[in-house]
Amino acid sequence: MTADARTTAARPDLAARWLEGLVPAARYVDPKSMVGAVPLVAIRARPSEAAEQRDQLLFGERFLVLETADGWAWGQAPRDGYVGWVDVSQLAPETARPTYRIAVPLAHAYAEPDVRSPATGPFVLGSLLCEEGRDGRFLKAAGAGWFVAGALAPVGWFEIDPVAVAERMAGAPYLWGGRSALGVDCSGLILQALQACGRACPRDSDQQAAVLGRPIPREAFGRGDLVFWKGHVALGLSADCVLHANSAAMAVSADPLESALQRNRQIYGEPTAWRRLC
């Protein structure tokens with residue numbers, strides 16, 4: 001079976017050490033573990049700002065660097081497995097394990113423990129933070145600033161309803177390769193909703209269709225179920241309504257299932273899978 005290049009840290013000239021003996025390459029190297037140092041880091045197909053954004057690295061997420069060249073780092077984001085190029089100036093050395101994650105769609109960091117102080121961000125749902133201190137209702141995160149603690153959750157605490165998480169991103173603009181309330185694509189919405197609930201999830205819709213949940217018949221579809229097309233995925237809000245990031249609305253929108261089926265038939269064809277997460 002051919003390895004999926006999207007999630008295999010290998011090229012003909014270079015591969016990750018853990019792939020030695022499994023994937024052919026001219027040389028194998030041990031990665032250097034870095035983390036996202038800005039709210040969102042584009043993971044690109046090539047080392048260029050003009051290249052396609054295929055995924056994003058959130059603040060505090062690890063990126064395993066295998067090569068750096070001309071200001072770009074090539075490697076793999078272990079949280080969703082994606083391989084690509086990132087701007088090395090947007091990474092920082094990994095120095096400590098994160099202790100908190102952002103639990104709301106968007107949150108600002110402040111220069112001081114005061115909402116009137118200069119703000120940076122916004123930082124997005126799922127970003128990982130290392131606590132440096134406390135002051136009243138504020139928590140200081142390394143490399144970021146002061147957050148209102150109510151916007152955070154301890155690492156290891158998860159939500160229980162991915163639909164509720166996804167609904168909080170309604171209206172977010174559509175963005176190819178995006179995975180936040182600042183911009184998200186169809187599979188990125190599912191990824192964020194499931195990761196907030198502590199569930200592993202691949203990055204792209206075809207990968208999700210292959211491993212998430214179990215098959216169900218069309219007539220059983222309901223809240224929390226997934227419907228897949230070749231190139232698209234939507235989340236059930238009810239038996240007859242779906243939520244999805246789509247390029248028709250250019251946003252995360254709730255649509256009647258029949259309308260989505262009719263419109264997507266012209267773009268993607270018939271659904272390829274109906275799946276239940278639980």
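- Using a 4.5 Å heavy-atom threshold, the side chains of Asn264 and Lys230 count as separate.
- Here Leu57 contributes atom CG and Arg79 contributes atom CZ; the two are 9.5 Å apart, rounded to the nearest 0.5 Å.
- Contact of the Leu139 side chain with the Glu132 side chain is not registered, since no non-hydrogen atoms from C-beta on lie closer than 4.5 Å.
- Defined by atom type and a distance below 3.5 Å, a donor-acceptor pair is present between the side-chain atoms of His244 and Asp255.
- Hydrophobic clustering, with ILVMFWY side chains joined whenever heavy atoms are under 4.5 angstrom apart, keeps Leu152 apart from Trp157.
- Defined by atom type and a distance below 3.5 Å, a donor-acceptor pair is missing between the side-chain atoms of Gln53 and Arg44.
- Checked by atom type and distance alone, the side chain of Thr99 pairs as donor or acceptor with a backbone atom of Glu131 at under 3.5 Å.
- Taking every heavy atom of both residues into account, Ala181 and Met169 meet most closely at N-CE, 3.5 Å.
- Crowding of Gln262 atom CD: a count of heavy atoms from other residues, nucleotides or ligands under 6.0 Å not exceeding 12.
- Ion pair Arg27/Glu20 not flagged as a salt bridge, since none of the NZ, NE, NH1 or NH2 atoms sits closer than 4.0 Å to an Asp/Glu carboxylate oxygen.
- By the rule that hydrophobic residues join a cluster once side-chain heavy atoms approach within less than 4.5 Å of another member, Leu182 and Leu175 end up as members of separate clusters.
- Counting heavy atoms from C-beta on, the side chains of Asp87 and Glu49 come closer than 4.5 Å.
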| query | Between Gln195 and Arg101, does a side-chain hydrogen bond (donor to acceptor under 3.5 Å, both in side chains) hold up when you go through it step by step? | reply | CA-CA 11 Å; Gln195 285 190 342; Arg101 64 177 181 84; over 6 Å; no

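- Nearest heavy-atom pair, Gly126 versus Leu58, reported as atom, atom and distance to 0.1 Å: C-CD1, 3.8 Å.
- Side-chain contact between Val41 and Glu61: absent, with no pair of heavy atoms (C-beta onward) separated by less than 4.5 Å.
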| message | For a side-chain contact (heavy atoms from CB on, under 4.5 Å) check, start with the C-alpha distance between Leu191 and Asp80, then their side-chain angles and the critical distance, and finish with the verdict. | response | CA-CA 8 Å; Leu191 174 71; Asp80 64 19; 3.9 Å; yes

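- The two residues Ser253 and Asn246 come nearest to each other via the heavy atoms OG-ND2, 2.9 Å.
- Under the 4.5 Å side-chain heavy-atom criterion for grouping Ile, Leu, Val, Met, Phe, Trp and Tyr, Val86 is not connected to Leu14 through any hydrophobic cluster.
- Within a 6.0 Å sphere centred on CH2 of Trp18, other residues, nucleotides and ligands contribute more than 12 heavy atoms.
- Put simply, the side chain of Val227 reaches to within 4.5 Å of the side chain of Trp229, judged on heavy atoms.
- Residues Arg218 and Glu258 are paired through a salt bridge, judged by an N-O separation under 4.0 Å between the basic side chain and the carboxylate.
- In this structure a side-chain-to-backbone donor-acceptor pair under 3.5 Å is missing from Gln76 to Val65.
- Heavy atoms only, all atoms of each residue included: Asp135 and Pro113 are closest at OD2-CG, 3.5 Å.
- Rounded to the nearest 0.5 Å, atoms CH2 (Trp74) and CD (Glu67) are 7.5 Å apart.
- In this structure the side chain of Leu235 never reaches within 4.5 angstrom of the side chain of Val242, judged on heavy atoms.
- Between the side chains of Arg203 and Ser187, at least one donor N or O lies within less than 3.5 Å of an accepting N or O.
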| said: Before you tell me yes or no, could you show the steps for Arg179 and Leu189 under side-chain contact (heavy atoms from CB on, under 4.5 Å), namely the whole-Å CA-CA distance, both residues' side-chain angles and the distance that decides it to 0.1 Å? | reply: CA-CA 6 Å; Arg179 48 179 288 223; Leu189 178 67; over 6 Å; no

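- Once rounded to the nearest 0.5 Å, the distance linking CG of Asp240 with CG of Leu257 reads 7.5 Å.
- Within the 4.5 Å cutoff, side-chain heavy atoms of Val115 are placed close to those of Arg137.
- Nearest heavy-atom pair across Cys201 and Leu212 is SG-CD1, 4.0 Å.
- Between Ile160 and Cys197, the closest side-chain pair of non-hydrogen atoms is not below 4.5 Å.
- Between the side chains of Gln207 and Asp4, a donor-acceptor pair is found at a separation under 3.5 Å.
- To the nearest 0.5 Å, atoms CH2 (Trp85) and CZ (Phe63) are separated by 9.0 Å.
- Of all non-hydrogen atoms in Leu19 and Ala9, the two that sit nearest each other are CD1-O, 3.4 Å.
- Using modelled atom types and a 3.5 Å distance limit, the side chains of Arg223 and Ser238 yield no donor-acceptor pair.
- Atom CZ in Arg276 sits 4.0 Å away from atom CG in Asp225 (nearest 0.5 Å).
- A distance of 8.0 Å separates CD1 in Ile267 from NE2 in His232, rounded to the nearest 0.5 Å.
- When hydrophobic clusters are built by joining Ile, Leu, Val, Met, Phe, Trp and Tyr residues whose side-chain heavy atoms come closer than 4.5 Å, directly or via intermediates, Leu64 is not grouped with Tyr82.
- Proximity of a side-chain donor or acceptor of Arg17 to a complementary backbone N or O of Tyr28 within less than 3.5 Å is detected.
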| field | Trp274 vs Leu226, side-chain contact (heavy atoms from CB on, under 4.5 Å): CA-CA, chis, key distance, verdict | value | CA-CA 6 Å; Trp274 302 82; Leu226 298 171; over 6 Å; no

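- Checked against the 6.0 Å centroid threshold, Phe147 and Phe123 count as a close aromatic pair.
- Between the Thr8 side chain and the Ala10 main chain, no donor and acceptor come within less than 3.5 Å of each other.
- Hydrophobic clustering (side-chain heavy atoms under 4.5 Å, transitive across Ile, Leu, Val, Met, Phe, Trp, Tyr) keeps Leu106 apart from Phe59.
- With salt bridges taken as basic N to acidic carboxylate O contacts below 4.0 Å, none links Arg46 and Glu52.
- Side-chain N or O atoms of Gln56 include none that pairs as donor or acceptor with a backbone N or O of Leu40 at under 3.5 Å.
- No donor-acceptor pair under 3.5 Å is formed between the side chain of Asp13 and the backbone N or O of Ala26.
- Note on Asp206 versus Arg6: salt bridge recorded, some NZ/NE/NH1/NH2 to OD/OE distance being below 4.0 Å.
- Judged by distance alone, the side chain of Arg199 and the main-chain N or O of Leu277 form a donor-acceptor pair under 3.5 Å.
- A donor-acceptor pair shorter than 3.5 Å can be found between the side chains of Glu94 and Ser33.
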